[in-house]
Amino acid sequence: METSREYVEQVACLFFKAGTPLDPLAEACFRFSSKIALRRDEAVFVETGRSRWLYTQPSLDAKLRALSRRFGLAARLSFAGNAATALAIARFNESRPACLPLEALVDYASPFERNPELSKSVMAMVAKLRSLGLASLGDFTGLPALQVGSRFPPEAAGLWQSLRQGAPELWPPFKPAELIEERSSLLGPEQGQGCVNLEGLLFGLKPALERLMARLRGRDLRLSTFELGLDLDRKIQRVLRFKLPLPQSGPLELLRLVHERLGAEFQRRSLPAPVIAVHIKVIETAPGAARQVDLFSKQEEESEAFHSLLGRLSQRLGPGKVYQAGLSQRYRPERAWAKRTDGLAWPLGQKGPAPLPLFQPRRPLRLLLRPQPLLVARGSDLRGPQGQRWKLLEAEGPERLCGDWEQDEACRGFVRDYFRLVCGGGENLWVFCVPGKELEALAEPGPWAERQGEAFYLHGFFD
Amino acid sequence: MPPTLSPAAKRQAVEALRARLGPVRPPSRDVLSFSELPSGVSKGGLTEVFGAPGGGKAEFVARLLAEHPAEPAAWIEAGATFSPAGLPCHGVRLDRLLLIEAGAELEWTALQVLRSGLFKIVVLNPQAPCLPLRRLQAGAEAAKAALLLLGDGPLAEDRWALSASIQVQRSLRLHSPDPIRWTDTRKQLPWKQAVNM
């Protein structure tokens with residue numbers, strides 16, 4: 001027994017009612033320690049000696065209880081110097097090891113697995129000890145060594161020695177299942193006979209997602225692809241595959257993505273029957289970036305929120321609708337910039353001074369999708385393609401833009417002379433004419449005497 | 001018969017009452033400083049910027065973006081006529097700007113962007129002026145973001161949700177020293193004048 005030694009608590013034991021499946025919880029506990037052991041369907045052991053500088057006992061206590069609640073389990077939690085003592089303390093709800101009843105010897109004999117034969121022989125020994133008037137482990141460890149060796153079976157001597165001297169324990173390694181899957185039933189007193197709307201479904205889905213993400217965090221992984229299966233009444237199943245734009249590690253952002261996708265899905269195809277269960281299967285993961293929360297920067301959380309936002313927007317608006325713009329080395333105004341949809345990262349842009357180009361010609365902020373013919377009427381009146389009327393006051397130009405010879409087979413490229421026009425209402429238009437191209441029947445001679453007879457096109461607005 | 005007061009005495013009485021009430025000011029909100037607007041642009045509020053097509057409203061907003069290069073901004077458009085190639089000449093860094101073509105999902109997109117809490121300047125260009133301003137205002141307030149609504153004309157409904165309404169008009173001369181003029185139309189309302197006293 002360790003009462004005589006300096007007591008260093010280094011094992012946490014989560015004890016549950018027998019028959020509770022504990023593999024998912026044990027998997028999630030890997031976030032606290034790499035040394036986890038499982039007593040099948042009864043207890044999870046977490047070796048905390050190596051992480052004692054990361055977690056104080058009260059904080060670890062609170063975290064483990066919260067994690068247990070996330071898996072819908074109510075744990076009895078204990079801390080001790082070894083797994084057997086921690087298990088016995090939790091089982092008998094007695095914090096002083098010396099006061100534990102003699103029946104705790106069964107846990108000392110086999111802390112990591114149930115061994116019915118060993119338990120039987122230990123209980124027979126306990127009966128003998130009780131007949132001699134012993135009641136607690138303190139009484140047992142107080143026996144002289146010679147008496148234990150000569151009067152009791154060999155197991156008693158071994159137990160006495162491990163209790164007195166703290167024999168090292170061999171922890172059986174816990175290996176989580178290869179496939180990560182979570183399931184949640186939507187039948188019950190709260191949900192009734194399944195879910196018929198999106199809100200109810202998300203309510204039932206949230207705990208399953210939280211458990212799934214806790215398990216992935218235990219493995220230091222992030223979720224990148226998963227399948228969501230909806231079990232409908234009448235034995236119908238619908239499976240949706242989610243490929244995330246950026247691997248996620250938080251359940252809330254993931255839930256938002258699922259919300260959007262399911263909303264769109266149900267608008268397209270309504271549910272033919274109530275959903276009675278949901279199950280999530282992890283298809284693909286990415287390495288996690290487990291580290292302590294940075295108190296001085298929110299960059300990691302913001303990055304996840306950003307990619308979740310991108311995912312939701314792209315899912316709803318379609319590809320190519322969310323982007324950053326980059327200037328391209330083209331003179332044709334329609335091609336002067338390009339969309340950048342891949343590799344968007346948070347924070348946007350680079351730190352430091354603005355990397356603006358040295359010279360940027362003045363360009364309009366609105367470009368028509370196709371240049372529209374502009375009617376230049378008598379008396380400096382302009383008429384737009386949709387019947388707009390402008391009174392021309394001033395014109396600036398021309399600015400000749402040409403290029404793209406390599407873009408067509410005849411190597412003609414494009415040549416345009418652009419003008420900026422100031423109109424009576426303060427509007428600034430961007431129009432061009434193609435040198436040498438004759439005025440079409442629509443137009444009449446305009447205010448630019450030297451340009452008479454050429455066709456003008458409205459291309460944009462300096463909005 | 002009540003005693004009649006001379007206009008000077010009335011003014012004096014009113015001034016005395018005002019002094020007792022203290023300065024009446026709107027609830028303090030953070031503002032983004034803006035050289036074009038002495039009162040700045042309200043963070044957590046809606047600012048309407050309207051003017052004729054080609055009247056300079058987008059350039060007005062571009063100047064705000066240029067003055068806050070460190071603030072991440074989102075520019076949401078209903079259509080696809082926006083040309084970001086016109087921004088760098090106003091000093092706007094394209095790499096700090098997220099552009100979204102929302103089409104018919106403009107309101108949903110704006111709310112998603114605001115709720116993410118990542119963007120401190122959100123520019124919204126609805127082609128039809130029928131947006132639920134109250135929801136957008138609540139979203140902007142929660143995100144503490146400056147939400148700027150572009151339009152060809154002033155919004156007809158729910159104007160009470162606006163923090164400011166700016167009418168933008170260009171100078172009629174090409175090389176005017178003051179190329180874009182603006183008017184804060186909300187300040188012309190009588191109650192607004194009283195609040196800003």
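Order of the sequence lines sets the chain letters (A, B, ...), proteins ahead of strands, with each chain counted from 1.
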Checked B:A73, B:G79, B:A85 vs chain A; the most non-hydrogen pairs under 4.5 Å come from B:A85
What is the distance from atom CG of A:L309 to atom CG of B:L98, rounded to the nearest 0.5 Å? 7.0 Å
Can you tell me which portion of A:E253 sits under 4.5 Å from chain B's heavy atoms? Options are side chain, backbone, both or neither. neither
Nearest 0.5 Å please: distance from the OG atom of B:S83 over to the CD atom of A:E334. 9.5 Å
Turns out that what part of A:L313 lies under 4.5 Å from chain B's heavy atoms comes down to both
With a sphere of 6.0 Å drawn around CD of A:E199, does it hold more than 12 non-hydrogen atoms of other residues, nucleotides or ligands? yes
State the CZ-CH2 distance between B:F82 and A:W337, to the nearest 0.5 angstrom. 8.5 Å
Chain A contact via B:L172 - which portion, at a heavy-atom distance below 4.5 Å: both
Report the option among A:R340, A:R256, A:R363 that has the most heavy-atom pairs separated by less than 4.5 Å from atoms of chain B. A:R363
Which value, rounded to the nearest 0.5 Å, describes the distance between B:F60 atom CZ and A:L365 atom CG? 14.0 Å
Side chain, backbone, both or neither: which part of B:L150 has a non-hydrogen atom closer than 4.5 Å to chain A? side chain
Could you look at A:P361 and say if it's the side chain, the backbone, both or neither that has a heavy atom under 4.5 Å from chain B? backbone
Rounded to the nearest 0.5 Å, what's the gap from CH2 on B:W75 to CD on A:Q324? Could you check? 15.0 Å
Under 4.5 Å to a heavy atom of chain B? For A:V422 that would be side chain
Heavy-atom count check: over 12 atoms from other residues, nucleotides or ligands less than 6.0 Å from A:Q372 CD? yes
Side-chain donor or acceptor of A:R362 paired with backbone N/O of B:H90 under 3.5 Å: no
Answer yes when A:R366 and B:E77 have at least one side-chain N-carboxylate O distance shorter than 4.0 Å, and no when they do not. yes
Per-residue contact mode, A:W430 against chain B (heavy atom under 4.5 angstrom): neither
Part of B:N125 within contact of chain A (heavy atom distance under 4.5 Å): side chain
Toward chain A, the part of B:Q112 with a non-hydrogen atom under 4.5 Å: both
Checked B:G51, B:G54, B:G86 vs chain A; the most non-hydrogen pairs under 4.5 Å come from B:G54
Contact leader toward chain B among A:F306, A:F461, A:F462, where contacts are heavy-atom pairs under 4.5 Å: A:F462
Interatomic distance, A:Y323 atom OH to B:L99 atom CG [nearest 0.5 angstrom]: 5.0 Å
Counting heavy-atom pairs under 4.5 angstrom with chain A, the leader among B:K57, B:R115, B:E59, B:R170 is B:R170
What do you reckon, is NZ of A:K339 surrounded by more than 12 foreign heavy atoms closer than 6.0 Å? yes
Quick check on B:F34: does its CZ atom have over 12 non-hydrogen neighbours (other residues, nucleotides or ligands) under 6.0 Å away? yes
Using the rule given for side-chain contact (heavy atoms from CB on, under 4.5 Å), can you reason through A:L317 versus B:T109, listing the C-alpha separation, both sets of side-chain angles and the distance that settles it, and then say yes or no? CA-CA 9 Å; A:L317 305 176; B:T109 305; 3.8 Å; yes
For B:R96 and A:L348, indicate whether the former's side chain and the latter's backbone hold a donor-acceptor pair under 3.5 Å. yes
Could you check which of B:A70, B:P53, B:A52, B:A80 has the highest count of heavy-atom pairs closer than 4.5 Å to chain A? B:P53
Would you say that more than 12 heavy atoms from the other residues, nucleotides or ligands in this model lie under 6.0 Å from the CZ of A:R332, or not? yes
For a side-chain contact (heavy atoms from CB on, under 4.5 Å) check, start with the C-alpha distance between A:K321 and B:E105, then their side-chain angles and the critical distance, and finish with the verdict. CA-CA 11 Å; A:K321 299 293 184 187; B:E105 304 280 359; over 6 Å; no
Mind ranking A:R312, A:R316, A:Q388 by heavy-atom pairs under 4.5 Å with chain B and telling me who comes out on top? A:R316
